[in-house]
**Student:** 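Can you read through this structure? Questions will come right after.
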Amino acid sequence: MQTFQETVDYLQERVGSFVPEFGIILGTGLGALVNDIVVYETVPYEDIPFFPVSTVESHSGKLIFGELGDRKVVVMQGRFHYYEGYTMEQVVYPVRVMKVLGIQKLFVSNAAGGLNPDFSTSDLMVITDHINLQPQNPLIGRNNDELGPRFPDMSEVYEESMIQQAKQIGLEQEMKLQFGVYVSVPGPMLETRAEYRYLTLIGADAVGMSTVPEVIAARHMGIPCFAVSVITDLCTPEKLKKVILLDILEAAAKAEPQMTFLIRELIAAQPKEV
Ligand code: HPA
């Protein structure tokens, strides 16, 4: 684990005594949360020893340390997807680094296709559970007992108390929130009609190509997780149309202020350590 320690040492040198309380991973087209952050330090991924480097143009890869409200956070602006050719170990590497840097909870956003017929474009869906259809898994291989157990529990993969807090924020702010199951597929192609039908049948409300590996790694280490999808395209048979990345980014941009607000308020609502 020499390389891992080098990554951590480098970042700790950059941020000194700054200890982030929360980790945030921002998804496709959802990077604007960083505008709300009083930035303490920005570290481009390519500067970090042994850190993977993002290959998708719409993801700008930076680790941002700063304060959101009065809470210390570390934000991944841009994440690593399995379809880019990274190993699952690389995909979750930053989550493991964030844990060593001190995070106690993880907040994740993503862009996703809406399978539930009640969903509209640019809706926010709080993820209540997930289905893992990724072909690989970050926990496969010899277990690192220092990180977590061989067979981690997934019965409450998304922290129920944070789901309830999000519901409360939605009610108080009259913000439309959907709740549902996210299925993670490898991509990079979007799904066929038959695949959308299949994903609906197995119980998913939204489909995307990320989040689940990072959440599995976080839960392995005992980190409570909250995740939210921005519904960027509709995948029911009667609403399905050709999707281009620009449409996905446009739908994400429309929902971004709401998503940013939700995560900011949720983070502010977390009890402070005494
Ligand atoms: N499928 C998979 N991933 C996605 C989609 C989709 O329809 N939309 C945004 N990310």
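Remember, it's 1-based here, ligands and their atoms both numbered in the order they're listed. All values below were derived from every heavy atom in this structure, side-chain atoms included, with hydrogens, water molecules and symmetry-related copies excluded.
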**Student:** Is the ring centre of Y45 less than 6.0 Å from the ring centre of F80?
**Tutor:** yes

**Student:** Which atoms from ligand 1 have a heavy atom of G113 less than 4.0 Å away?
**Tutor:** 4 (C), 5 (C), 6 (C), 7 (O), 8 (N), 9 (C)

**Student:** By ring-ring contact (aromatic ring centres under 6.0 Å, His included), which residues pair with F107, not counting sequence neighbours?
**Tutor:** F22

**Student:** Give the contacting part of C235 toward ligand 1: side chain, backbone, both or neither, where contact means a heavy-atom distance below 4.0 Å.
**Tutor:** side chain

**Student:** Do T7 and Y93 pair up side chain to side chain, a donor and an acceptor below 3.5 Å, judged on atom types alone?
**Tutor:** yes

**Student:** Determine whether the side chain, the backbone, both or neither of Y196 has a heavy atom under 4.0 Å from any heavy atom of ligand 1.
**Tutor:** side chain

**Student:** Closer than 4.0 Å to some heavy atom of T232 - which atoms of ligand 1 meet that?
**Tutor:** 8 (N), 9 (C)

**Student:** Do any pairs count as a salt bridge (charged side-chain N to carboxylate O under 4.0 Å, His left out) and have a residue in residues 99-126, sequence neighbours left out, and if so which ones?
**Tutor:** D123-K176

**Student:** If you have a sec, work out which protein heavy atom is nearest atom 4 (C) of ligand 1 and how many Å separate them, to one decimal?
**Tutor:** V207 O, 3.6 Å

**Student:** Under a 4.5 Å cut-off applied to non-hydrogen side-chain atoms, are T260 and N35 in contact?
**Tutor:** no

**Student:** Show which atoms of ligand 1 fall inside a sub-4.0 Å distance from at least one heavy-atom site of M209.
**Tutor:** 2 (C), 3 (N)

**Student:** Need the ligand 1 atom indices (1-based, order shown) with element for anything under 4.0 Å from a heavy-atom of E191.
**Tutor:** 1 (N), 2 (C), 6 (C), 7 (O)

**Student:** So among E13, Q12, E6, R14, which one has a side-chain hydrogen bond (donor to acceptor under 3.5 Å, both in side chains) with Y10?
**Tutor:** R14

**Student:** Going by atom types only, do E160 and Q164 share a side-chain donor-acceptor pair under 3.5 Å?
**Tutor:** yes

**Student:** Any idea which protein heavy atom is nearest atom 10 (N) of ligand 1, and the distance to it?
**Tutor:** A111 O, 3.5 Å

**Student:** Quick one: look at D233 and ligand 1, take heavy-atom pairs under 4.0 Å, and tell me if it's side chain, backbone, both or neither.
**Tutor:** side chain

